[in-house]
Amino acid sequence: MGKLIVTEFMSVDGVAQAPGAPEEDPEGGFEYGGWQAPLIDRDEEHFIFEQAKGMDALLLGRRTYEIFAGYWPTAPAEFDFTELMNRVPKYVASRTLEPPLSWEGASLLEGGLAEAVAGLKARHDHVHVIGSLDLVQSLLREGLVDRLNLWVYPLVLAQGKRVFADGAVPTALRLTESRIFANGTLKLEYETAGEPAVGDMEDEVDRIT
């Protein structure tokens, strides 16, 4: 069975809306579209690609699909991501789009989300989700996420769509890798690890002393 891996670029306060450009997603009057661009560097871009190149399928929400489909088919060939994004099969979770989709290799996800994701995991080893915040809320709510790749940037946005919003459910996470970049960005990779454990601090103090 394959893994479903979510990658999000977010501020310290969890905002992941429109990191790439001002016009990417102005919903809700968001004023800081393109906040990632001044912070990213070549070293970071290399590690983002290294993290993503193992994907063999891409699952997207409608808005992120439309942004990607408007860019990657004609993106410069020298970009590492161009060949990868255009090559892998792409699945889109949408109730409003109709087939056929314009981006070669893209198709609509059929059926209920849990059953459809199970089908993707049966066919692919690494199903990646990038952005797609509304979809991510549903994936978290259904307990379908196996790994979280979080890129945490050194700024507070105080408005906008957050990674862990209404769809989040209590989940324990196991840190599998971390890295700090020169600009203060953190790369954190987590695996989901069931429900959070609870305890009594007094008992814990007694145990370690």
Side-chain angles (χ1 to χ4, degrees), residues 2-21 24-37 39-40 44 47-48 51-52 55 58-68 91-95 109 112-114 116-118 120-121 126-181 183-199:
K3 302 285 188 182
L4 188 130
I5 302 162
V6 170
T7 296
E8 295 293 346
F9 306 102
M10 57 188 277
S11 63
V12 170
D13 57 334
V15 176
Q17 185 170 350
E24 187 175 292
D25 180 9
E27 185 177 341
F30 186 62
E31 301 175 358
Y32 297 104
W35 54 265
Q36 183 188 25
L39 295 169
I40 199 167
E44 188 177 321
F47 277 92
I48 291 172
Q51 191 176 66
M55 77 167 76
L58 184 59
L59 173 60
L60 301 169
R62 178 192 60 81
R63 185 185 295 274
T64 301
Y65 165 76
E66 290 177 339
I67 293 169
F68 284 9
Y91 302 93
V92 185
S94 173
R95 297 187 181 93
L109 202 65
L113 186 62
V117 168
L120 294 183
K121 289 182 180 183
H126 297 102
V127 181
H128 282 235
V129 181
I130 302 173
S132 308
L133 288 173
D134 291 340
L135 171 61
V136 167
Q137 303 310 312
S138 297
L139 294 170
L140 290 169
R141 187 182 304 114
E142 296 286 341
L144 300 173
V145 177
D146 299 298
R147 187 186 306 164
L148 284 165
N149 295 333
L150 302 179
W151 292 79
V152 184
Y153 288 79
L155 76 168
V156 173
L157 294 173
Q159 62 169 270
K161 300 174 184 176
R162 287 172 164 79
V163 175
F164 301 105
D166 294 340
V169 295
T171 306
L173 301 175
R174 181 186 302 110
L175 183 67
T176 57
E177 186 177 337
S178 65
R179 185 181 180 91
I180 302 174
F181 292 85
N183 63 2
T185 298
L186 299 176
K187 178 176 75 76
L188 303 170
E189 296 188 18
Y190 293 102
E191 291 181 351
T192 54
E195 296 184 1
V198 297

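Starting from 1, each residue takes its place in the sequence as its number.
In this structure, Gln159 contributes its side chain and Glu31 its backbone to a donor-acceptor pair below 3.5 Å. Side chain of Glu191 to main chain of Thr176: no donor-acceptor pair is present (N/O by atom type, distance under 3.5 Å, no hydrogens or angles). In terms of modelled atom types and a separation under 3.5 Å, the side chain of Gln17 and the main chain of Met10 share no donor-acceptor contact. For Ser132 (side chain) and Leu60 (main-chain N/O), no donor-acceptor pair under 3.5 Å exists by modelled atom type. Listed for the Asp146 side chain is a donor-acceptor partner under 3.5 Å among the backbone atoms of Leu4. Side chain of Arg62 to backbone of Arg95: no donor-acceptor contact under 3.5 angstrom is found. A donor-acceptor pair is defined here as one N or O able to donate and one able to accept, closer than 3.5 Å; such a pair exists between the side chain of Lys121 and the backbone of Leu144.
Here the straight-line distance linking atom CD1 of Ile40 with atom OG1 of Thr185 works out to 8.0 Å at 0.5 Å rounding. Note that CG of Leu58 is 9.0 Å distant from NE2 of His128, once rounded to the nearest 0.5 Å. Residue Asp134 holds its CG atom at 11.0 Å from CG of Leu139, rounded to the nearest 0.5 Å. Once rounded to the nearest 0.5 Å, the distance linking CZ of Arg179 with CG of Leu186 reads 12.0 Å. Here NE2 of His126 is found 11.0 Å from CE of Met55. Values are rounded to the nearest 0.5 Å.
Within the 4.5 Å cutoff, the side chain of Glu195 has no heavy atoms near those of the Val169 side chain. Residues Leu150 and Tyr190 have side chains in contact (heavy-atom distance under 4.5 Å, counting atoms from C-beta outward). Side chains of Ile48 and Thr7 form no contact here, defined as non-hydrogen atoms less than 4.5 Å apart. Residues Val156 and Ser11 are not in side-chain contact: their nearest non-hydrogen atoms beyond the backbone lie 4.5 Å or more apart. In this structure the side chain of Leu173 reaches within 4.5 angstrom of the side chain of Thr171, judged on heavy atoms. Side-chain contact between Glu44 and Trp151: present, with at least one pair of heavy atoms (C-beta onward) separated by less than 4.5 Å. Between Ile130 and Phe68 the shortest side-chain heavy-atom distance falls below 4.5 Å. Residues Pro19 and Trp35 have side chains in contact (heavy-atom distance under 4.5 Å, counting atoms from C-beta outward).
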request  = Starting from the C-alpha separation in whole Å, work towards a yes-or-no answer on side chain to side chain contact (heavy atoms under 4.5 Å, CB included) for Leu148 and Phe164.
outcome  = CA-CA 11 Å; Leu148 284 165; Phe164 301 105; 3.9 Å; yes

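Closest of all the heavy-atom pairs between Leu157 and Phe30 is CD1-CZ, 4.2 Å. Among all heavy-atom pairs drawn from Ala165 and Arg162, the shortest one is CB-O, 3.8 Å. Nearest approach of Leu59 to Leu109, heavy atoms of both residues: CD1-CD2, 3.9 Å. Closest approach of Pro154 and Leu39 over heavy atoms only: CD-CD1, 4.3 Å. Contact detail for Gln137 and Ala168: the closest heavy-atom pair is OE1-N, 3.9 Å.
In this view, Tyr91 and His124 satisfy the ring-ring contact (aromatic ring centres under 6.0 Å, His included) rule, not counting sequence neighbours.
Between Lys187 and Glu177 a salt bridge is recorded (basic side-chain N to carboxylate O distance below 4.0 Å). Ion pair Lys161/Glu27 flagged as a salt bridge, since at least one NZ, NE, NH1 or NH2 atom sits closer than 4.0 Å to an Asp/Glu carboxylate oxygen. Salt-bridge check for Asp25 with Arg63: passed, with a basic side-chain N closer than 4.0 Å to an acidic carboxylate O.
Atom CG of Leu175 has more than 12 neighbouring heavy atoms from other residues, nucleotides or ligands inside a 6.0 Å radius.
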